[in-house]
Amino acid sequence: MAAGKGTRMKSQKPKVLHRLGGRALAQHVIDTAARVSARSVVVITGHGAEMVEAGLTPPEGVGLQFVRQMPQLGTGHAVQQAVPVLADDGITLVLSGDVPLTEAATLQALIDRCAGQALTLLTLDMPDPTGYGRIVRQGDAVQAIVEQKDATPAQRAITEIYSGIMAVPTRLLRGWLARLDNRNAQQEYYLTDVVKFAVADGCVVQAHRIGDAAQVAGVNSPLQLAELERVHQRRLAEALMTEGVRMADPARFDVRGSLVCGQDVDIDVNCIFEGCVRLGDGVRIGANCVIANCTIEAGAVIHPFTHIDGETLGVSVGAGALIGPFARLRPGAQLGAEVHIGNFVEVKNSTMAKGAKANHLAYLGDATLGERVNFGAGSITANYDGANKHRTVIEADVHIGSNCVLIAPVKIGAGGTVGGGSAITKSTDPGALSVARGRQVSIDNYQRPTKKTAG
Ligand code: UD1
Ligand code: CA
């Protein structure tokens with residue numbers, strides 16, 4: 001269910017598209033459904049339907065369908081829109097698009113207990129159950145779910161609440177939904193009314209009660225979104241630490257995508273990992289790094305305040321490389337083993353072979369650097385002529401002095417040297433020293449002008 005408005009988000013963006021851990025809330029729900037081998041996922045849209053439909057992607061191997069609920073007349077009415085596309089021989093799992101942290105194991109337990117026969121509700125005890133549907137039991141047996149606004153004072157005292165999640169045999173659900181009415185305090189078609197039909201029909205109704213509130217917590221406001229984000233991040237951090245990753249502070253750590261770590265990885269505070277990031281054995285990440293779509297090989301060290309974003313091309317950092325502090329690696333940066341990138345160096349769409357170095361204040365764009373190249377402080381590749389981009393090739397063992405401009409396309413032959421301050425426009429031969437700058441002029445005993453006195 002993803003048709004609701006999400007008024008309290010006070011946002012133009014539909015609530016279920018707000019992001020948690022870098023993924024839309026509803027995408028979490030869809031992806032979790034895929035992990036319990038859903039045959040198909042049907043998303044009920046309404047408010048902002050077009051945006052929601054465009055903003056969600058089918059998980060691998062699972063069909064994703066959208067049905068629209070216009071207007072929104074309640075959760076029962078929402079599910080009524082979906083049943084025509086559900087197969088009668090299946091189990092329907094009803095989930096809310098704004099409840100992102102339900103675990104697959106919990107859903108699997110619900111499905112197992114449903115077993116194609118019973119109506120199974122996910123429930124929880126809450127110290128303050130205000131606002132939720134209450135689980136009304138007679139003895140142990142579940143009799144009904146009563147909504148807050150319809151509940152008697154005695155029912156309001158019940159602390160076991162309905163999470164909004166149920167597993168139900170589809171053929172039974174279809175029949176019960178056809179019997180819903182909206183004669184209640186909110187004049188809505190309540191999905192929760194299926195419980196009383198099930199009881200009346202002699203169908204087994206069971207509650208699967210869990211203790212972990214975060215798994216059923218919904219997002220209604222920016223505050224709740226931020227709170228669940230922390231819960232989510234804490235869980236990701238704990239899972240990584242269980243695998244041996246050492247973190248200076250799991251409360252100052254964010255993954256917005258997937259982070260895969262080898263052994264003996266150390267991560268300092270305030271690091272953000274986005275998209276797909278892989279860290280090899282012994283990698284160390286300094287404080288305040290933002291790292292996206294990147295593979296970092298064993299033993300590499302990323303010093304503080306480094307920004308890496310591979311976007312779709314990716315970035316790779318070779319074994320034992322030293323990057324930063326204050327480095328910027330952009331899409332297509334492919335750095336070999338033991339490469340050194342120092343402060344205020346930007347690398348884009350460039351390959352650096354083993355041992356190549358650019359330690360200070362440099363730009364390498366569309367360049368290919370051979371092994372052991374030393375690219376001096378303040379030097380850049382001028383890769384863009386205002387219309388097209390061109391490559392710079394710097395062969396092995398070249399030494400580029402400080403403050404050079406290599407105007408591409410250009411190639412510096414192996415072992416060559418380029419004098420500081422050169423603007424290189426022509427390719428050079430292997431072993432050559434190239435200097436391309438105004439020759440120095442020195443005037444002996446030069447007298448500087450002196451200030452004229454007024455009048
Ligand atoms: C519902 C349950 C309540 C339960 C609570 C858990 C009903 C009648 N009540 O409450 O017992 O404790 O969830 O959070 O089901 N939605 C639609 N179309 C609609 C109405 C809602 O798609 O017409 C979607 C919402 O976007 C949301 C979900 O259904 O994702 C739940 O709706 P919400 O209004 O939050 O739940 P309640 O009806 O208050
Ligand atoms: Ca409601």
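Whatever order the structure lists them in is the order used to number ligands and atoms, beginning at 1. In this text, all values refer to a predicted model and were calculated from it rather than measured experimentally. Side chains are part of it too, since the values below use all heavy atoms of this structure and drop only hydrogens, waters and symmetry mates.
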Using atom types as modelled and distance alone, determine if a side-chain donor or acceptor of Gln80 lies under 3.5 Å from a backbone N or O of Leu177. yes
So, regarding Glu188 and ligand 1 (criterion: nitrogen or oxygen to nitrogen or oxygen, under 3.5 Å), is there a contact or not? no
Taking every heavy atom of Ala34 against every heavy atom of Val62, the minimum-distance pair comes out as CB-CG2, 3.8 Å
Hey, which atoms in ligand 1 end up nearer than 4.0 Å to a heavy atom of Met1? 22 (O), 24 (C), 28 (C), 29 (O), 30 (O)
Set of ring-ring contact (aromatic ring centres under 6.0 Å, His included) partners for His232, sequence neighbours left out: His28
Could you label the plane-to-plane angle of the Phe326 and Phe305 rings as parallel, tilted or perpendicular, counting under 30° as parallel and over 60° as perpendicular? parallel
Side chain, backbone, both or neither: Ala3 near ligand 1, heavy atoms under 4.0 Å: both
Any Ser163 heavy atom less than 4.0 Å from ligand 1: yes
If you round to the nearest 0.5 Å, how far is CD1 of Ile267 from CG of Leu259? 5.5 Å
Gly4-ligand 1 polar pair, N/O distance under 3.5 Å: yes
Sorted by chain and residue number, the ring-ring contact (aromatic ring centres under 6.0 Å, His included) partners of Phe197 (sequence neighbours excluded) come out as none
Which atoms from ligand 1 have a heavy atom of Gly133 less than 4.0 Å away? 3 (C), 4 (C), 11 (O), 12 (O)
For ligand 1, which atoms have a heavy atom of Ala78 less than 4.0 angstrom away? 17 (C), 18 (N), 22 (O)
With respect to Tyr132, determine whether any N or O atom, backbone or side chain, lies less than 3.5 Å from an N or O atom of ligand 1. no
Find all atoms of ligand 1 within a distance of less than 4.0 Å from any non-hydrogen atom belonging to Thr192, and give their numbers and elements. 7 (C), 8 (C), 9 (N), 11 (O), 15 (O)
Under 4.0 Å, heavy-atom basis, I'd like to know which part of His77 is in contact with ligand 1: side chain, backbone, both or neither. neither
Distance check, rounded to the nearest 0.5 Å: Leu124 atom CG versus Asp212 atom CG? 8.0 Å
Spacing of CG belonging to Leu107 relative to SG belonging to Cys114, to within rounding of 0.5 Å: 12.5 Å
CD1 of Ile308 to CZ of Arg330: how many Å apart, nearest 0.5 Å? 13.5 Å
At under 4.0 Å between heavy atoms, is it the side chain or the backbone of Leu73 that contacts ligand 1, or both, or neither? backbone
Heavy-atom nearest neighbour of atom 19 (C) of ligand 1 within options Gly97, Pro129, Gly74: Gly74
Per-atom contacts, ligand 1 versus Tyr190 - under 4.0 Å to a heavy atom: 8 (C)
Heavy-atom proximity to atom 17 (C) of ligand 1 ranks first, among Lys5, Gln72, Gln69, Met70, for Gln69
